[in-house]
Amino acid sequence: MGQATSNQCLTGKVAIVTGAARGIGRSAAIALAHAGAAIVGLDCCSNLFPNSGVKPSAPEDLNETGRLVQATGQPWLGQIVDQREFASLQSSAQQAAQRFGGIDILFANPGVQGFKPLLEMEDSDWQIHMDVNLTGTAKAIRAFAPYLVKQGGGRIIVTSSTQGKHGTKNGAAYSASKWGIIGLMKSAALELGVYGITVNALIPGLIDTELTRHEERYAQVLQAASKQPTGSDEETARQILASQSPLNLPWIDPDDVAPLVVFLASDAAHLISGATFDVTAGDSAHFR
């Protein structure tokens with residue numbers, strides 16, 4: 001990981017990263033630490049959505065993120081917290097502020113994803129996406145933003161998705177939740193700008209994480225391409241996804257997303273707010 005430029009130096013800053021156990025959250029936590037920030041990493045480390053097909057994160061994953069952050073020489077505080085629980089987020093915010101003297105940056109990042117046709121969807125399938133992805137992000141902002149106000153300003157970055165920019169067959173709940181995050185971000189930017197807080201949204205493409213590398217996801221890719229899933233479809237899915245990518249990439253490494261989080265958290269982005277930033281290996285060309 002390269003050194004931050006002078007206007008992207010985060011020395012003395014305190015960054016909250018939710019969904020820090022792995023994927024984009026882990027990569028962002030490490031990159032923010034390399035830029036000089038102390039890191040508070042939150043993750044639920046449990047199976048919030050058993051029907052999704054995604055292997056859940058575990059406490060040892062969060063511990064590994066902590067080890068990698070501390071290897072940069074920066075301090076780390078890891079907490080197992082469910083983003084749906086506002087009181088727990090408030091407690092985490094209070095502990096972080098007491099430990100490090102304040103909070104400057106929030107990267108609200110966790111998400112769940114499942115695939116089911118609207119006509120087969122249960123209320124619970126819809127609600128888990130809203131509770132974790134959309135309402136959970138709003139709760140994180142509500143819990144941590146008051147501490148940024150006390151600091152006299154700060155940075156908030158939230159994670160949407162390419163699927164928050166277009167519809168997704170059999171993925172209406174996920175797309176709706178991620179589309180909602182963009183509206184949440186823009187509204188928060190209008191409200192919090194008076195306090196010197198910028199709010200922006202990250203739009204990652206198909207990232208190489210457990211959320212995208214499992215049999216249910218492969219089956220969805222094959223079905224969208226009018227192919228029949230066979231039960232072990234990773235290679236076929238990889239070929240399809242690569243053929244659809246302008247840069248011929250089926251998946252994007254989380255480390256290739258993390259530098260944008262550092263930029264948006266830094267003084268270099270002090271006049272950027274209410275905006276979306278894509279790291280999609282060219283899939284953004286499909287957006288309207």
Quiz item: For R84, does its backbone N or O pair with a side-chain atom of K139 as donor and acceptor, under 3.5 Å?
Solution: yes
Quiz item: What pairs with R155 under salt bridge (Lys or Arg N to Asp or Glu O under 4.0 Å), at least two apart in sequence or on another chain?
Solution: D267
Quiz item: Taking the side chain from Q74 and the backbone from G36, do they hold a donor-acceptor pair closer than 3.5 Å?
Solution: yes
Exercise. Tell me, with the steps shown, if K165 and S284 meet side chain to side chain donor-acceptor pair (under 3.5 Å).
Key: CA-CA 9 Å; K165 290 278 194 170; S284 304; over 6 Å; no
Quiz item: Hey, does the side chain of N200 reach the backbone of A275 with a donor-acceptor pair shorter than 3.5 angstrom?
Solution: yes
Self-check item: Donor-acceptor under 3.5 Å (N133 side chain, M130 main chain)
Solution: no
Quiz item: Can you check whether K178's main-chain N or O pairs, donor with acceptor, with S160's side chain at less than 3.5 Å?
Solution: yes
Practice problem: Measure from the side-chain N and O atoms of S92 to the backbone N and O of S88, and report whether any donor-acceptor pair falls under 3.5 Å. | Solution: yes
Exercise. For a side-chain contact (heavy atoms from CB on, under 4.5 Å) with S57, tell me which candidate from D43, T65, L62 qualifies.
Key: D43
Practice problem: Give me the one residue out of V257, D278, T159, V279 that meets side-chain contact (heavy atoms from CB on, under 4.5 Å) with I203. | Solution: D278
Quiz item: Does H129 reach the main-chain N or O of L134 with its side chain, forming a donor-acceptor pair under 3.5 Å?
Solution: no
Quiz item: Pick one: which of I156, D104, I141 meets side-chain contact (heavy atoms from CB on, under 4.5 Å) with L148?
Solution: I156
Quiz item: Is there a donor-acceptor pair closer than 3.5 Å between any side-chain N or O of S177 and the backbone N or O of Y174?
Solution: yes
Quiz item: Mind checking what makes salt bridge (Lys or Arg N to Asp or Glu O under 4.0 Å) contact with D125, not counting sequence neighbours?
Solution: K116
